[in-house]
Every structure is written in structure tokens, then in C-alpha cells.
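Here the structure comes first, spelled out in C-alpha cells, and everything after it is commentary.
On a predicted model such as this, the values are computed, not experimentally measured, just so you know. Proteins come first, then strands; the chains are lettered A, B, ... in the order of their sequence lines, and each starts at number 1.
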Amino acid sequence: MTLMSVSSRFCSFLLRRRLGTTYSCSGFELLSSSSSIGLVHFHSHTNLRPKYNVPHSTHISNSHIKLRHLLLQKSKSGFEKLDDALVVFDKMLKMRPLPNVIDFAQLLTALVVMKQYPVAVSLFRDICTLRIPVSIITLSIVINCCCHSNRLDYAFSLFASIFKRGFVPNVVTYTTLIRGLLSQHKSAEARLLFTNLIKLKELQPNVVTYSTMINGLCKTGHIDMALWLFRFMGKSDSPPNTVTYTAIIDSLCKRGLADDALNLHSEMMEKGILPNVWTYSPIFQVLCNFNRWEEVSLLLKQMIEDMKISPNVYTFNILVDAYSKSGKLDDAKEIIEMMNERGEYPNIVTYSTLMQAYCAEGQIDEALAVLDRIKIKEIRPDCCTYNILLDAYCRRLQLDIAMDLYRNMVAEGLEPTVETHRVLLNGLCRLGKPMEALNFLYKIQDQGHMLDIVIYHTMLTGLCKNQYVHKALSLFHLMSCNGVIPDRDTYNIIIRGCLRNKKFSEACKLVEKMVDCGFLADAATTFLLQQLLSKVQDPSLLALHQKCLHSGIQEEFHGLRIPKPIHISCPAENSMNQNLLMIMPEEVQLCKS
DNA sequence: ATAGGGTTAG
């Protein structure tokens with residue numbers, strides 16, 4: 001058997017495997033067990049190995065040059081279809097001499113651009129099986145793919161293989177792993193990796209490493225550490241750039257700290273670090289939230305005219321949503337007009353937002369008209385679009401129409417989400433059919449659909465409102481068995497349910513349990529308690545009220561959240577390592593041991 | 001040839 005025939009049969013086999021039914025199982029199965037497809041036998045014939053070590057330059061043909069040209073382009077834009085990428089890969093495997101490390105890395109990059117992470121991992125597996133050489137860059141690309149597929153286990157096993165293969169991880173490899181850890185909410189581990197890099201003088205983090213760390217710290221709720229690191233960066237060799245500032249600004253905006261965000265926005269401009277479209281979007285969001293409409297208009301003008309930054313779909317969608325939610329439908333439509341004029345065309349999110357606005361105004365026909373119009377424009381409605389309409393019908397108690405729509409969306413090939421199910425459950429409860437809702441819940445659970453905490457909240461609320469508080473209590477106990485841990489909202493929902501149904505002793509027990517778990521009564525619960533106390537003088541109720549007051553709920557009342565002010569301080573000018581380790585005291589302990 | 005920001009749905 002010649003090398004070519006084995007190789008080409010082998011290639012087709014791999015391709016079929018990827019294109020066939022087993023393909024959907026992602027590349028990770030291949031990563032763990034290559035022997036399952038009989039490759040071990042293939043390995044043992046050393047003379048069947050492709051002769052990749054033939055110097056490339058002497059054999060470069062026209063097709064190699066064509067390939068290189070194609071890959072350069074596709075690694076930036078991605079292939080139009082997944083199959084196109086697979087066909088190119090198959091052709092590459094048949095070429096002699098084989099394309100080089102860079103060519104294969106570029107093909108993987110094209111798959112990354114297409115967000116086809118598991119496929120990239122699968123191709124990488126084939127590359128290894130065929131003994132095609134890889135580099136630290138190839139490995140970094142694949143580690144990134146594992147992280148994006150939430151497979152940290154594979155990412156770290158590949159990380160270990162870097163050393164076995166005799167490569168050295170670079171700053172990109174480490175940054176990728178740090179991002180992976182943070183995206184999986186493993187912020188302690190990310191911090192440990194980050195500090196160890198510095199402490200063990202492995203390598204110097206660059207501005208991307210810092211920004212990744214800062215963004216991740218913000219997203220995992222460690223904004224104080226993020227701010228510290230941000231100010232530390234200002235004095236380091238890698239000062240913050242636009243992305244770093246944007247991460248902090250976004251975080252401040254999400255906390256409602258509009259003025260702090262605006263100050264930072266001015267600060268960066270003073271330092272000559274130019275904001276971009278990413279920087280402006282969260283600022284618009286927070287200004288809208290606080291009804292600072294004048295400033296919104298001014299900022300939009302400044303952004304476009306002075307800074308010459310074009311708002312994009314994201315920016316515009318934030319504005320459309322904010323205007324709609326404040327009943328300023330005309331302003332929302334004006335923004336959509338502006339989008340069309342500027343060639344930044346509205347997308348499915350824009351139209352779903354607009355439909356949501358019509359539904360909120362009770363103009364469901366207008367919302368349906370939008371749906372018809374986008375279908376003409378060949379914009380495909382997604383699950384969220386349907387969820388909005390489903391919710392509107394459920395609110396009007398037209399559950400039969402909602403169910404029709406539900407069947408429609410499934411027929412269109414859309415997979416219902418937790419939100420879809422939440423909307424339908426809510427609809428059943430509204431109609432006073434809590435037991436049907438509960439049965440529906442069990443049905444979707446049996447079907448293997450995910451039940452999240454929001455679904456439980458909907459069901460608990462529905463049961464309590466329909467005087468099925470005993471059923472609510474059993475569901476409350478059941479949810480932790482199903483791996484969904486009650487949070488502050490869960491406790492407050494069930495406690496209010498008990499109070500409304502005069503189960504005061506049960507409410508007492510739950511408040512105690514809640515406080516033990518570190519949660520407090522919210523404004524609605526406190527308000528209900530006060531209302532009840534003004535009518536009924538029940539001693540257990542009074543004790544309950546006292547307990548709630550002692551647990552310190554005053555900071556939040558009547559649903560108004562008052563954000564705590566943040567002081568952005570500068571780190572003291574000590575030695576670098578001292579300073580950096582100060583932000584992560586837990587890690588210092590770990591490092592010492 | 002590899003790494004870092006944002007929108008709709010309780």
C-alpha cells in the first residue's frame with residue numbers, strides 16, 4: 001500500500017467522520033481516545049508516516065502558493081461554510097510536500113474566527129495523529145479553543161503537553177489560560193497563575209494579560225482588586241490602554257456609577273488614550289438608566305462629531321432599548337432611522353427590542369407587523385424574538401395563541417430556551433393553573449431541558465400566588481436536590497409566600513435559615529411585613545420584623561438600589577512584587593507553602 | 001500564524 005493511498009483513504013475517513021453523525025460530538029472525544037478509530041495500528045507502521053521533513057522550498061508548487069493566499073484571507077474572515085474549511089483541510093493533507101506549520105495554524109485560526117472551536121480541536125487531533133509538526137502557536141490556538149468550549153481540563157492537559165514536546169509557553173499561552181479560568185469563574189486560580197508568573201519571574205505580563213485579568217476580576221465581582229491592579233498598571237511598564245479603561249468603565253457603569261465612569265472617560269482622553277465604540281456603549285447604558293437624556297444626546301453628538309467614532313449596532317441597540325423602556329418610542333424609531341441612514345443596519349436584537357416596546361404598550365399587532373417586515377428582509381427571528389411575543393400573549397391570557405406560536409417556533413427549528421419555558425410557566429400560573437404549570441415543569445425536566453434558578457422562582461411565585469404554598473415549600477426543598485442552590489431572591493419569594501398565606505412560623509424558620517446562609521430580607525419582604533404588622537398584632541410576626549431589621553436591609557428600599565461609592569485609590573510606591581502580592585493575600589499564603 | 005470590552009428575555 002502506498003503512502004498516498006493510505007493517506008487519502010485516511011483523510012476521507014476523517015472527513016466523513018466529521019461530516020457524518022459522529023461529528024456533532026465535537027473534537028473532544030477524539031482528543032481523549034484516538035485508539036477508538038483504529039489509529040494505533042496506523043502509527044505502528046513507521047514507513048507510512050508522511051515525509052513532512054522534505055524541505056518545503058524546493059517543492060513549492062503553484063497549489064501551495066494558492067493555498068497560502070487562501071489561508072491568509074480566510075484566517076481573517078473565516079470560511080463561508082464549515083464544509084469549505086474541512087474540504088481545504090482534506091486537500092492540505094493530500095498535498096506533497098505537506099503544507100507547513102503556519103499553513104495549518106492559519107486554518108485553525110480561520111475556524112476560530114468562525115467560532116467552530118470543537119472542530120478546530122478535532123482537526124488538531126488529526127494533525128497530531130498524522131505526525132504533522134506543530135508549534136507553540138498551534139498549541140496556544142488549540143488551548144484557546146478548549147477554553148472557549150469550556151473544556152479547561154483539556155486546555156490544561158494541552159498546557160502540560162507543551163513541556164513534554166519541548167516547547168516553552170509564551171505570554172499569549174498564559175493570557176489564554178487566565179482568560180479561560182476567569183470565564184469559568186475560577187478567579188482564585190486565575191489570580192494564582194497571574195501572581196506566580198510574576199513571582200517566579202516566568203515572564204512579564206503585557207497589557208493584554210493585565211486587561212484580561214482586570215476584566216475578569218470585574219466580571220467575577222472583584223472590582224476592588226481590578227481597580228487596584230488598574231492603578232498599579234499606570235505605574236508599570238505596561239500602562240493601561242483603551243481596552244483596559246473600557247473594562248473598568250464598563251464595570252463602573254454596571255454598578256450604576258455614571259459619574260465615576262464619566263470621570264475615567266475624561267481621564268483617559270487627557271492622557272491621550274482614545275476611547276472607542278466599546279468605551280461609549282456602557283456609558284450610554286448607565287446615563288439612560290438614570291434618565292440623563294440630555295447627556296445622552298450630547299455624548300452621542302460628541303462621539304460622532306468630535307471623536308469621529310461611529311456608533312455600531314451594539315451602541316444603537318442600547319439606545320433603542322433605553323428609549324423604548326422609558327416610553328420614548330418616537331426616539332427609539334428615530335434611532336432606527338439613524339441606523340439605516342448610517343448603514344449600520346438594525347439586526348434581530350434591534351427588532352426584538354422594538355417588538356418588546358410595542359408589546360409593553362399593548363400594541364401586539366404592531367409587534368407582529370415588525371415580525372412580518374423582518375422576515376421579508378430575510379432577518380431570521382430567534383428564540384428571544386418569540387419569547388417576547390409568547391410573553392405578550394401570556395400576559396393577555398391568550399395561552400392558546402401562545403402555544404400555537406410555541407409550536408411554530410419549534411417547527412422553524414428553534415430550540416426553546418429556559419426563558420421560553422419560564423414564559424409559558426408564568427402564563428399557566430397567571431391563568432390560575434399552577435398544577436398544570438408544575439406538571440409542565442416536570443415534563444420539561446424529563447425531556448432533559450435545563451431548569452435554572454429563574455424557572456424555580458417563576459414556579460414558586462406562581463404556586464404561592466395561587467395558594468399552593470405547601471407545594472411551593474416542597475419544590476423549594478427539591479430544588480437544591482436538583483443542584484440549583486436557593487439564593488436571596490429564592491428565600492424572599494418563599495418567605496413572602498408564607499407570610500401572605502399566614503404561615504408565620506414557617507416564615508420564621510425560613511428567615512433564620514436565610515440569615516444563616518448569609519442573605520438578607522429584601523425591600524419587598526420588609527414592606528410586606530410592615531403592612532401585615534399594621535393589621536395583625538402577632539408576636540411571631542413582630543419577632544420576624546425585628547430579625548429582618550437587625551439583618552440590615554435599610555440600604556435598599558422600595559426597589560431602589562443605592563450603589564455604594566467606590567474610592568479609586570493609588571497603590572503606595574513600594575517594591576513591585578510587594579505591591580502586586582498585596583492585592584492577592586490568599587495567594588501569598590499559597591505561594592509560601 | 002496565537003491572547004483582552006458591549007446589546008434584547010425575571
Is it true that [X] and [Y] make a salt bridge, defined as a side-chain N closer than 4.0 Å to a carboxylate O?
X: Asp372(A); Y: Lys377(A); result: no
X: Asp522(A); Y: Arg496(A); result: yes
X: Arg231(A); Y: Glu267(A); result: yes

Looking at [X], I'd like to know whether one of its side-chain N or O atoms comes within less than 4.0 Å of OP1 or OP2 on [N].
X: Lys219(A); N: dG6(B); result: yes
X: Arg179(A); N: dA3(B); result: no
X: His421(A); N: dA9(B); result: no
X: Lys74(A); N: dA1(B); result: no

Taking only the side-chain heavy atoms of [X] (C-beta and beyond), determine which of [options] contains the nearest atom.
X: Ser211(A); options: dG4(B), dT7(B), dA1(B); value: dG4(B)
X: Ile141(A); options: dA1(B), dG4(B), dT2(B); value: dT2(B)
X: Val277(A); options: dG4(B), dA9(B), dG6(B); value: dG6(B)
X: Ala105(A); options: dA1(B), dG10(B), dG4(B); value: dA1(B)
X: Glu419(A); options: dA3(B), dA9(B), dG5(B); value: dA9(B)
X: Val172(A); options: dG10(B), dT2(B), dT7(B); value: dT2(B)
X: Gln106(A); options: dA1(B), dT8(B), dG6(B); value: dA1(B)
X: Arg422(A); options: dG4(B), dT2(B), dA9(B); value: dA9(B)
X: Thr315(A); options: dA9(B), dG6(B), dA1(B); value: dG6(B)
X: Val112(A); options: dT8(B), dG4(B), dA3(B); value: dA3(B)

Parallel, tilted or perpendicular: which describes the rings of [X] and [Y], with under 30° parallel and over 60° perpendicular?
X: Phe232(A); Y: Tyr210(A); result: tilted
X: Tyr491(A); Y: Phe519(A); result: tilted
X: Tyr117(A); Y: His148(A); result: parallel

Report which part of the nucleic acid [X] touches: base, sugar-phosphate, or nothing (heavy-atom distance under 4.0 Å, all strands).
X: Thr458(A); value: nothing
X: Val207(A); value: base
X: Asn241(A); value: base
X: Lys76(A); value: nothing
X: Asp382(A); value: nothing
X: Thr176(A); value: sugar-phosphate
X: Asn170(A); value: base
X: Asn426(A); value: nothing

For a quick check, tell me whether the side chain of [X] and the base of [N] share a donor-acceptor pair closer than 3.5 Å.
X: Thr212(A); N: dG4(B); answer: no
X: Ser135(A); N: dA1(B); answer: yes
X: Asp489(A); N: dG10(B); answer: no
X: Asn387(A); N: dG10(B); answer: no
X: Asn276(A); N: dG5(B); answer: yes
X: Asp391(A); N: dA9(B); answer: no

How many Å lie between [atom1] on [X] and [atom2] on [N], as a whole number?
X: Leu414(A); N: dA9(B); atom1: CG; atom2: P; result: 18 Å
X: Asp487(A); N: dG10(B); atom1: CG; atom2: P; result: 17 Å
X: Leu111(A); N: dA1(B); atom1: CG; atom2: C1'; result: 14 Å

Exercise for the section: Could you tell me whether dG4(B) is syn or anti, where syn means a glycosidic angle within 90 degrees of zero? Expected result: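 Base orientation relative to the sugar is anti.
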Problem - Pair Tyr245(A) and His265(A), ring centroids less than 6.0 Å apart - result: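 No; His265(A) has its ring centre 6.0 Å or more from that of Tyr245(A).
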